[in-house]
Amino acid sequence: MVYEECVTHESSWNADEALTAVYTAHYTSLVRLAALLLRDTGTAEEIVQDAFVAMHGRWHRLRDPHKALAYLRTAVVNRTRSRQRHLVVVDKHMPRSLPDEPSAEQAALRTAETDRVIEAMRTLPEKQRTVMVLRYYGDLSEAEIADTMGISRGSVKSHAARASKSLRQVLEQNL
Amino acid sequence: MNNDDPFDELMRRSLADEANRVEPTDALPEILNRAHAVRRPVVRRPWVVTAGLAAVGTAAAVGAFTVFNGNLNTANEGDAVAGAPGTTASASGAPDTPRSEPTKAPTQPPTNAKPSTTAVPKTGLREPSADAKTVPVYWLGDAIAGKDAAKASTKPTLSARSTIRLYRTWSKISGRPAFEAVRIMTTQQPNDYDYRSFWKGAQVSSVTQNDGIVTVDFKEFPQTKADEVTAALSAQQLIYTVQGALGAGNHPVQVTYRGRSGVPLFGQIDTSGPLNRAQAADVQALVSIESPTEGMLVTSPITVQGLATAFETTVNYRATNLKSRQVVASTVNTDEGQKSSGFSFPLDLKPGLWQIEAYLVSAEDGSISDLDSKTVEVVR
């Protein structure tokens, strides 16, 4: 009953109310998700803001904060993925270089362990990296990852398996 | 996956740790401002009944037929297929002669017209059904001007967006080809993640042909408010898809909303008259890989096929092994220069994940001007 009331309430939100509610609950985590994929906070913020603007425009179709979140996640993952692909192409000499190296100060705040994992993640192909970020940071199920990335659950499984295998190898070497 | 696995724990902890370093600044006011700017009502032009529309009206008097490709639940979903079917790989697909199958028109009580829209008489012939046919479906994608992408401008500008192009994929359908193609275009996710569509949410109700005009009627229009360039290209996406599926003649396309013309599409495209196909050189991707498709499992040797409009016919290609970073690169010539024509090259690749890229290099500064890429897994 409480749930029903809640849903009724949410579906009566106008686009501004919905945007404000979803923004408050998820803006930071979406920017962080995009930043993990891109390693560039400025671009991550820009991509997430674009996604919110788009969500606002289609709120009368979404009408549900859960759908809105799924929509935002897909939009953000889409855009970061195409941005990553561009970077790979543009910089052919350093195909895995990333736009924003952390400053020394920021780097010092990271633990050595995090450093190793993040470094290892950089060696993964873009799709595998995306699957891993959605799984371990986004805490999404296989089905949710498949929906978000527009690929089959089987592909999610195989990307995850390959990514885990290479990460384990790299991390063991570095230990 | 076992949650107690130390590897899982390490991944969760490290990614959370890394993520927590990012503290975005508050952007709510800016987002709301931008959202409202996008939704500002567009200036409406006075409505004119065009010659094309008049033609539809005349034909109605002669007595014609309507058909609704009604039930969405039973319609074929359409499977994406790899690459172009050999003999029909022309921009417009195989010719497909429409048969006249007169059907009684259901009499519809006239609805109250809004002042700015015009009821289009529900007339026209539906296309014949096909048991199994491969139809082209177009999507939007970024052509990637290398130098522009490198600048990574913070706000999308008109010039950055104007590098959006139409990319074609192929889908197998059974049913009415143009109707099914539009349905795939409006409901499905393109099979390459670099492609996208602003038609999500639209619901097509019929595709009919009458006197050299194709009418596509929608039960729901897309709700997206696109910018001017994207809206115009999205309209071309529909026109190319419909014309490609119908195959015969590039007839103008009249878009109607629940039988009425003049309801602006994407908030700005004037649909009071039929829309014409834009020049391929202006809207189609200058280079695209049609086979293999994204994520496909393939055995070596692979034949990569695509279309390009290349200066002096040269298309560059490169396959990169995503693990070893081994690169195989070369160039291939298209059949004809300066116009859209096919290219094809063989690749002999070891098993593994490969990214295949076909691209054009700018004659001006040697940068990559247009590109399409597919990631495939080569298996034994």
Side-chain angles (χ1 to χ4, degrees), chain A residues 15-16 19-20 23 27-29 31-33 35-36 41-46 48-50 52-54 56-58 60-61 78 81-82 85-91 95 99 102 106 109-111 113-114 116-118 125 127 132-133 135-137 149-151 155 160 162 164 166-168 171, chain B residues 1 7-8 10-28 30-32 34-39 141-142 144 146-147 149-150 152 154-156 189-191 193-194 196 200-201 223-225 294-295 318 320 322-323 325 353 355 357 359 367-368 371 373 375 377:
Chain A
D16 283 2
L19 187 138
T20 307
Y23 172 93
Y27 181 70
T28 302
S29 65
V31 171
R32 287 174 172 173
L33 172 72
L36 282 178
T41 310
T43 312
E45 285 181 277
E46 176 201 323
V48 175
Q49 288 168 18
D50 288 350
F52 270 94
V53 172
H56 185 274
R58 57 189 294 133
H60 57 295
R61 293 192 48 74
N78 254 334
R81 293 188 62 195
S82 81
R85 195 199 71 170
H86 299 180
L87 293 170
V88 171
V89 172
V90 169
D91 197 345
Q106 280 175 314
L109 293 173
R110 281 207 255 155
T111 66
E113 180 188 73
T114 300
R116 276 206 315 276
V117 172
I118 299 300
K127 269 189 191 155
M132 296 307 262
V133 168
R135 166 185 273 186
Y136 290 111
Y137 177 69
M149 295 177 66
I151 59 180
S155 310
R162 277 196 209 99
S164 301
S166 20
L167 285 179
R168 280 174 204 266
L171 291 171
Chain B
M1 175 82 42
F7 173 76
D8 290 351
L10 173 65
M11 291 300 296
R12 283 205 181 85
R13 197 166 57 232
S14 305
L15 290 181
D17 186 21
E18 177 75 0
N20 288 339
R21 295 169 51 235
V22 175
E23 278 300 339
T25 49
D26 183 29
L28 184 59
E30 191 193 337
I31 293 172
L32 283 170
R34 283 181 53 200
H36 291 148
V38 172
R39 291 170 69 79
D142 293 314
I144 323 306
K147 47 187 190 294
T154 49
K155 289 279 177 285
Q189 192 76 34
N191 62 15
Y193 237 81
D194 299 322
R196 58 187 182 275
K200 272 281 163 65
Q223 302 298 331
T224 330
K225 296 276 192 284
E294 177 69 20
R318 172 168 72 200
T320 310
L322 293 177
K323 194 171 180 194
R325 312 307 300 174
L353 274 179
Q355 182 174 49
E357 294 161 327
Y359 56 96
S367 67
I368 293 173
L371 171 142
S373 76
T375 305
E377 180 161 9

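Below, all heavy atoms of this structure are taken into account, side chains as well, without hydrogens, waters or symmetry copies.
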For this session: Let me know if A/T20 has heavy atoms under 4.5 Å from chain B in its side chain, its backbone, both or neither.
Result: both
For this session: Sort A/S155 into side chain, backbone, both or neither according to what part of it lies under 4.5 angstrom from a heavy atom of chain B.
Result: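 Neither part; nothing is under 4.5 Å.
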Exercise. In terms of heavy-atom pairs under 4.5 Å, which option from A/L19, A/D16, A/V133 contacts chain B the most?
Worked result: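 If we count pairs closer than 4.5 Å to chain B, A/D16 comes out on top.
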Exercise. Pick from A/I151, A/N78, A/V31: which one has the most heavy-atom pairs with chain B under 4.5 Å?
Worked result: A/N78
Exercise. Who are the salt bridge (Lys or Arg N to Asp or Glu O under 4.0 Å) partners of A/E45, not counting sequence neighbours?
Worked result: none
Exercise. Cation-pi between A/R168 and B/F7: NZ/CZ under 6.0 Å from ring centre and within 45° of the ring axis?
Worked result: yes
Problem set entry | B/T320, part contacting chain A, at a heavy-atom distance under 4.5 Å |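 Interface part for B/T320: neither.
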For this session: State the OH-OG1 distance between A/Y27 and B/T25, to the nearest 0.5 angstrom.
Result: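 One gets 6.0 Å once the value is rounded to the nearest 0.5 Å.
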Problem set entry | Flag, side chain of B/R318 to backbone of B/E357, donor-acceptor distance under 3.5 Å | no
Exercise. Which residue out of B/L15, B/L28, B/N20, B/L10 racks up the most heavy-atom pairs below 4.5 Å with chain A?
Worked result: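 Top count of heavy-atom pairs under 4.5 Å with chain A: B/L28.
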For this session: With sequence neighbours left out, write down each residue that passes side-chain hydrogen bond (donor to acceptor under 3.5 Å, both in side chains) with A/Y23, or none if nothing qualifies.
Result: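 A/Y23 satisfies side-chain hydrogen bond (donor to acceptor under 3.5 Å, both in side chains) with B/D26 only.
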